[in-house]
2 protein chains.
Amino acid sequence: MPAPSEVAQRAHRRLSDYLSRHGLKQTRQRDAILESFLDTDGHITSEELYERVRREHPEMGSATVYRTLKLFCEAGIANAHHFRDGVTLYEREGHHHEHLICTDCGAIVEFESELVEQEQDRVAKSRGFDLVGHRHILYGVCVRSDCPRRPEAP
Amino acid sequence: MPAPSEVAQRAHRRLSDYLSRHGLKQTRQRDAILESFLDTDGHITSEELYERVRREHPEMGSATVYRTLKLFCEAGIANAHHFRDGVTLYEREGHHHEHLICTDCGAIVEFESELVEQEQDRVAKSRGFDLVGHRHILYGVCVRSDCPRRPEAP
DNA sequence: AGAGGTATTGATTTTCATTCTCATTACGGA
DNA sequence: TCCGTAATGAGAATGAAAATCAATACCTCT
């Protein structure tokens with residue numbers, strides 16, 4: 001296996017912290033799932049991750065992956081998205097960014113904007129809120145010539 | 001039939017247009033559902049709307065409401081949201097706004113920002129997208145001691 | 001107005017992601 | 001190593017949304 005990146009190490013540490021701080025246990029499954037998850041770019045569903053983990057650990061149950069991904073969110077290692085109904089997409093917590101989604105082909109492009117960031121703080125504050133997170137999604141039609149039409153709306 | 005507001009009339013017209021333009025039919029169910037839907041403030045699930053419509057039209061089927069709400073979205077009368085997984089919330093299309101949600105009490109406050117609006121256009125364009133819509137959600141904790149459960153616009 | 005072709009409906013079933021249940025197993029502190 | 005408890009895996013349960021399908025309602029044409 002490749003050298004443990006700095007980011008990966010941080011994630012492992014964060015999980016350990018969270019577990020011990022909450023009287024939970026460190027298990028081989030949680031480690032395995034974290035390993036696979038960290039090895040992922042972009043977004044992934046629980047089911048997809050399950051398939052991946054399964055290749056290395058055939059005895060793994062899908063319910064465990066669901067449970068663990070939820071745990072990761074609570075531990076600040078992952079983030080859950082509900083871009084479309086019926087599926088939860090997870091991605092690594094870290095460099096935070098927003099999403100630009102093609103309503104035709106479903107392509108997801110990431111972006112960030114310091115300007116929007118500041119404006120969000122301003123708005124939340126003015127409404128008497130302590131901002132703890134946000135989600136900013138743009139829907140558009142991408143110019144890709146191959147954009148294979150696939151149904152999905154906001 | 002109550003006084004037809006300007007907004008309601010526009011919605012009815014938009015539905016008629018969409019139907020005829022797509023070779024679809026005008027039915028009493030669609031009218032009834034639109035009526036109830038327009039009578040709604042804030043967000044509503046298909047199931048909730050079904051219950052409401054049902055009071056006036058006991059013969060209505062829930063599948064019809066699902067289908068119709070989807071139709072409304074395509075016709076530009078409604079918008080679908082997936083704030084949490086597993087449920088689709090619909091709201092009237094119209095004055096467009098973003099949402100600020102309290103993670104503690106679930107209160108939903110609406111806001112808009114011209115500045116963010118412009119920035120969105122800029123970002124989408126720079127990525128080769130034709131912007132057709134967006135969703136901007138802020139999550140925070142409202143600092144009021146009574147944390148009012150009031151999904152209302154300012 | 002009447003007929004016919006098709007979209008629509010309502011009841012029901014099906015799908016499918018996610019959660020729950022529970023007996024069994026694995027952690028981890030003492 | 002022992003024990004109490006959290007965790008796991010398999011399968012059942014849940015629930016929103018979609019799909020089926022026979023019966024019905026619309027609409028267009030005559």
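Quick caveat, the model's predicted, so the values are computed rather than measured. Any value given below was found using the heavy atoms of this structure, including those in side chains, with hydrogens, waters and symmetry copies removed. So that the names make sense, note that chain A is the first sequence line, chain B the second, and so on, each numbered from 1.
- A/Q29 has its CD atom 7 Å from the P atom of C/dC27, to the nearest Å.
- Distance from the side chain of A/V87 is smallest to C/dT18 among C/dG28, C/dA11, C/dT18.
- Residue A/R21 qualifies as enclosed at atom CZ: its count of foreign heavy atoms under 6.0 Å is above 12.
- A residue-by-residue look at A/G86 and A/T27 shows that A/G86 has its nearest nucleotide of DNA chain C further toward the 5' end.
- Distance, B/E48 CD to D/dA17 C1': 15 Å, rounded to whole Å.
- Put simply, the side chain of A/T64 never gets that close to the backbone of A/M60: no donor and acceptor are under 3.5 Å apart.
- Ranking C/dT18, D/dA18, D/dA10 by closeness to the B/K70 side chain, first place goes to D/dA18.
- Backbone-only contact: B/E59 has heavy atoms under 4.0 Å from sugar-phosphate atoms and none from a base.
- Note: CZ (A/R54) to P (D/dG9) measures 11 Å, nearest angstrom.
- For B/M60 and D/dT24, the CE to C1' distance is 15 Å, given to the nearest whole Å.
- One interatomic measurement links the two molecules: CD of A/E51 to C1' of C/dA17, which rounds to 14 Å at whole-angstrom precision.
- A chain of hydrophobic side-chain contacts below 4.5 Å, direct or via other Ile, Leu, Val, Met, Phe, Trp or Tyr residues, connects A/L38 to A/Y50.
- Each of A/L24 and B/V65 has a nearest nucleotide on DNA chain C; the 5'-most of these lies closest to B/V65.
- In this entry the distance linking NE2 of A/H57 with P of D/dA7 reads 18 Å, nearest Å.
- Look at B/Y66 and you'll find a side-chain N or O under 4.0 angstrom from OP1 or OP2 of D/dA17.
- Of the candidate nucleotides C/dT8, C/dT18, D/dT8, D/dT8 has the atom lying nearest to any side-chain atom of A/R30.
- Within the 4.0 angstrom heavy-atom criterion, no nucleotide atom of any strand lies near A/S62.
- Where A/K25 and A/I33 meet DNA chain D, the nucleotide closest to each residue was compared, and A/K25 sits on the side nearer the 5' end.
- The interatomic distance linking A/Y50 (OH) with C/dT18 (C1') rounds to 14 Å, in whole Å.
- For the residue pair A/H97 and A/E110, a side-chain donor N or O sits within less than 3.5 Å of a side-chain acceptor on the partner.
- Among the protein residues, A/R67 comes within range of the nucleic acid bases, having at least one heavy atom under 4.0 Å from a base atom.
- When the nucleotides C/dA17, C/dG10, C/dG28 are ranked by their closest atom to the side chain of B/T64, C/dG10 comes out on top.
- Taking atom CG of A/D85 as the reference point, atom P of D/dG15 lies 16 Å away to the nearest angstrom.
- Residue contacts shown for B/T88 are limited to sugar-phosphate atoms, with no base heavy atom under 4.0 Å away.
- B/L131 and B/F129 fall within a single hydrophobic cluster, where Ile, Leu, Val, Met, Phe, Trp and Tyr are joined by side-chain heavy atoms under 4.5 Å apart, directly or via other members.
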